[in-house]
Amino acid sequence: SGAIFGVALLSAGISSAAEPVQLKSRLGDWCLDGPNGNSAATVVNPCNGSNSQRWVLNSAGQIESAAFPGRCVSISDAADNTPVMLAPCQASANNMRWAAQGNGQVTSALGPCLNVFGGVAQPGTPVIAYHCIADVADEEWESV
């Protein structure tokens, strides 16, 4: 039920005072992680509750790092295999706007979904933008 609550909050938009959440892949105990700060790629790592795995889902539809405030999940374009990076948040930038879907997908305003590269999670596996495919665990996330 926590996942549904988190998805509902992200869909509706929430204030930046919101509590950070982890975004956990349905591939298993793997969480979206931005361990290296600005202009660095996001990855999945075993969920451990660290600040680099905690995200504020803000009112602009952005996924902002709790470890690096002012840094948001971003893509450079909508092409398959585009790295998902942390970059300085820009409220009007479509490449930084995301929406959680009822099926667990997190879709970019540019079109693609957050995807665990290759569909096999290992520590440090890159998170990429990839065209949305229904019912694949590598594109399904839960807020925890």
Side-chain angles (χ1 to χ4, degrees), residues 1-14 16 18-90 93-144:
S1 66
I4 293 167
F5 179 67
V7 168
L9 282 178
L10 183 57
S11 299
I14 54 176
S16 56
E19 285 298 309
V21 297
Q22 288 181 294
L23 294 176
K24 181 179 172 188
S25 170
R26 291 192 182 159
L27 289 172
D29 192 30
W30 300 96
C31 283
L32 179 66
D33 199 342
N36 298 314
N38 189 35
S39 302
T42 61
V43 297
V44 289
N45 277 317
C47 298
N48 61 19
S50 67
N51 250 6
S52 67
Q53 293 183 3
R54 295 170 68 233
W55 305 93
V56 174
L57 311 173
N58 72 29
S59 59
Q62 298 168 325
I63 303 171
E64 185 177 354
S65 171
F68 303 99
R71 306 292 182 213
C72 287
V73 173
S74 174
I75 54 176
S76 59
D77 62 53
D80 283 350
N81 301 318
T82 297
V84 174
M85 311 289 286
L86 285 183
C89 301
Q90 298 172 348
N94 278 341
N95 65 323
M96 295 186 175
R97 290 180 43 234
W98 302 88
Q101 308 302 323
N103 63 1
Q105 289 176 325
V106 179
T107 56
S108 166
L110 299 182
C113 283
L114 282 185
N115 179 293
V116 178
F117 181 74
V120 179
Q122 299 172 4
T125 299
V127 175
I128 59 167
Y130 202 79
H131 67 274
C132 299
I133 305 167
D135 303 318
V136 295
D138 51 334
E139 287 189 354
E140 294 174 348
W141 304 84
E142 296 174 15
S143 301
V144 297

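Remember, it's a predicted structure, so these values are computed and weren't measured experimentally.
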- request: Could you tell me which non-hydrogen atom of Trp30 sits nearest to which non-hydrogen atom of Val44, and how far apart they are?
  value: CB-CB, 4.1 Å
query: What distance separates Asp135 CG from Arg26 CZ, expressed to the nearest 0.5 Å?
result: 10.0 Å
field: Which atom of Val43 lies closest to which atom of Pro35, heavy atoms considered
entry: CG2-CD, 4.1 Å
- request: For the pair Val73 and Leu86, evaluate side chain to side chain contact (heavy atoms under 4.5 Å, CB included) and give the outcome as yes or no after the intermediate values.
  value: CA-CA 5 Å; Val73 173; Leu86 285 183; 4.2 Å; yes
Qualifying disulfide bond (SG atoms under 2.5 Å apart) pairs, either residue in residues 29-64, two or more places apart: Cys31-Cys47
Contact check, side chains of Lys24 and Asp29, non-hydrogen atoms, under 4.5 Å: yes
query: Residues two or more places apart in sequence or in another chain: which of them pass side chain to side chain donor-acceptor pair (under 3.5 Å) with Asn94?
result: Arg97
- prompt: By side chain to side chain donor-acceptor pair (under 3.5 Å), which residues pair with Ser74, not counting sequence neighbours?
  reply: Asn95
field: Value rounded to 0.5 Å, distance of OG in Ser108 from CE in Met96
entry: 11.0 Å
Student check: side-chain heavy atoms of Pro112 and Leu110 closer than 4.5 Å: yes
- request: Apply side chain to side chain donor-acceptor pair (under 3.5 Å) to Asn81 and list each qualifying residue two or more places apart in sequence or on a separate chain.
  value: none
task: Check whether the side chains of Asn103 and Gln105 place a donor and an acceptor atom closer than 3.5 Å, and report yes or no.
output: yes
field: Contacts of Asp77 that satisfy side chain to side chain contact (heavy atoms under 4.5 Å, CB included) - sequence neighbours left out
entry: Ala79, Thr82
field: From CD (Gln62) to CD (Gln90), nearest 0.5 Å
entry: 8.5 Å
query: Taking only residues at least two apart or on different chains, which pairs with a member in residues 115-144 satisfy disulfide bond (SG atoms under 2.5 Å apart)?
result: Cys113-Cys132
field: Contacts of Arg71 that satisfy side chain to side chain donor-acceptor pair (under 3.5 Å) - sequence neighbours left out
entry: none
message: Is any side-chain heavy atom of Leu57 closer than 4.5 Å to one of Ile63?
response: yes
query: Partners of Ser39 by side chain to side chain contact (heavy atoms under 4.5 Å, CB included), sequence neighbours excluded?
result: none
Asp33 CG to Asn45 CG distance, which is reported to the nearest 0.5 Å: 4.5 Å
message: Measuring from atom CE of Met85 to atom OG1 of Thr42, what distance do you get when rounded to the nearest 0.5 angstrom?
response: 8.0 Å
message: For Trp55 versus Ser52, what's the shortest heavy-atom pair and its separation?
response: CZ2-O, 3.6 Å
task: Could you tell me whether the side chain of Glu64 and the main chain of Gly70 form a donor-acceptor pair under 3.5 Å?
output: yes
In a table with atom names and distances, give each donor-acceptor pair under 3.5 Å that connects a side chain of residues 114-130 to protein atoms at least two apart or in another chain.
| from | atom 1 | to | atom 2 | distance (Å) |
| --- | --- | --- | --- | --- |
| Asn115 | ND2 | Glu139 | OE2 | 3.1 |
| Thr125 | OG1 | Gln122 | N | 2.9 |
| Thr125 | OG1 | Gln122 | O | 2.8 |

